[in-house]
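Notes follow the structure.
We're numbering straight along the sequence, starting at 1. Quick note: numbers below take in every heavy atom, side chains included, and nothing from hydrogens, waters or symmetry partners. Just follow the structure's listing: the first ligand is 1, and inside any ligand the first atom is 1.
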Amino acid sequence: MKRIVTIQDISCIGKCSLTVALPIISAMGIETAIVPTAILSTHTQFQGVTFRDLTDDMEPIKDHWQKEGFGFQAIYTGYLGSERQIALVEDYIKAFKNSDTKVVIDPVMADNGKLYSGFDEHFPEKMAKLCSHADVILPNLSEAALMLGVEYPGEDADPAVTKKLLEGLSKLGAGTIVITGVTLKDGSFGFMGLDVAKKEFFEYGNPKIPYRSHGTGDIFASTFVGGITRGLGTFDALKLAADYVRACIKNTYEDPEHVNYAVNFEAELPWLIQAITK
Ligand code: PXL
């Protein structure tokens with residue numbers, strides 16, 4: 001069985017980071033090793049969040065795994081709580097990346113043009129440096145603008161502006177740049193990307209649903225990692241991720257009892273499993 005490792009926090013309530021990556025990637029038939037970087041009572045949309053830092057455990061976990069000889073088809077990082085954690089992730093990449101390992105970095109740190117609470121203004125620069133090690137990076141528009149130090153273009157950024165952001169991010173050193181949660185020329189909602197070596201732009205969108213929620217970026221990234229690990233090409237794995245996120249948003253939008261902090265990703269896991277097995 002293929003095995004990946006994902007490095008991010010556990011938000012005990014919030015349906016984001018490890019509490020979506022673990023069920024989604026496991027459901028896709030892939031062993032999902034985790035490095036929990038912190039335990040929070042909820043994600044940081046809520047007030048009064050508790051935060052237990054687990055940074056000190058990251059190096060001993062890595063050292064033990066190296067002694068045991070574990071390997072990974074992908075290393076996938078999401079929310080990282082500090083600059084020190086970014087440096088430790090670089091150590092994981094050095095320790096475990098070989099020619100079959102894909103490094104996927106979702107530079108989780110912002111939404112709606114604002115850094116999540118707890119991050120300082122220098123964090124985007126450090127995250128941009130980490131992105132140089134990645135095969136694929138998956139920022140949203142806020143994260144793309146922050147890593148480039150340019151003004152946030154708004155959630156409905158013109159596709160020509162998104163293209164400029166892709167060109168700017170291509171200098172970070174990652175192989176493929178994908179900006180998620182963007183509006184395309186025809187008004188659909190999806191992603192725009194750039195294969196840096198081939199200088200090829202690509203995009204994909206679905207009809208927009210007027211509903212936004214926390215956690216959808218993590219669901220997208222997790223599904224993408226599952227897809228490429230199963231052998232899908234980059235574009236097909238991105239498309240699968242966009243279609244699954246859309247199914248999750250639609251399910252939530254149509255559910256009168258939906259929570260206001262996350263989407264109903266659980267209800268659409270059967271859709272995902274069917275999509276990868278047909
Ligand atoms: O979904 C991204 C995310 C992950 N982890 C934590 C968060 C957020 C977004 O707010 O707060 C702790």
Parallel, tilted or perpendicular: ring planes of F119 versus F123, cut at 30 and 60 degrees: parallel

D255 and T252: side-chain donor and acceptor closer than 3.5 Å? no

Shell of residues surrounding ligand 1, defined by a 4.0 angstrom heavy-atom cut-off that is strict: D9, S11, C16, S17, L40, H43, T44, Y79, V108, Y116, H214, D218

Distance-only side-chain donor-acceptor flag, D218 / Y79, under 3.5 Å: no

When rounded to the nearest 0.5 angstrom, what distance separates OG1 in T32 from CG in L22? 6.0 Å

Using atom types as modelled and distance alone, determine if a side-chain donor or acceptor of E143 lies under 3.5 Å from a backbone N or O of M109. yes

Under the side-chain contact (heavy atoms from CB on, under 4.5 Å) criterion, do F220 and L238 qualify, and how do the steps go? CA-CA 8 Å; F220 185 97; L238 290 165; 3.8 Å; yes

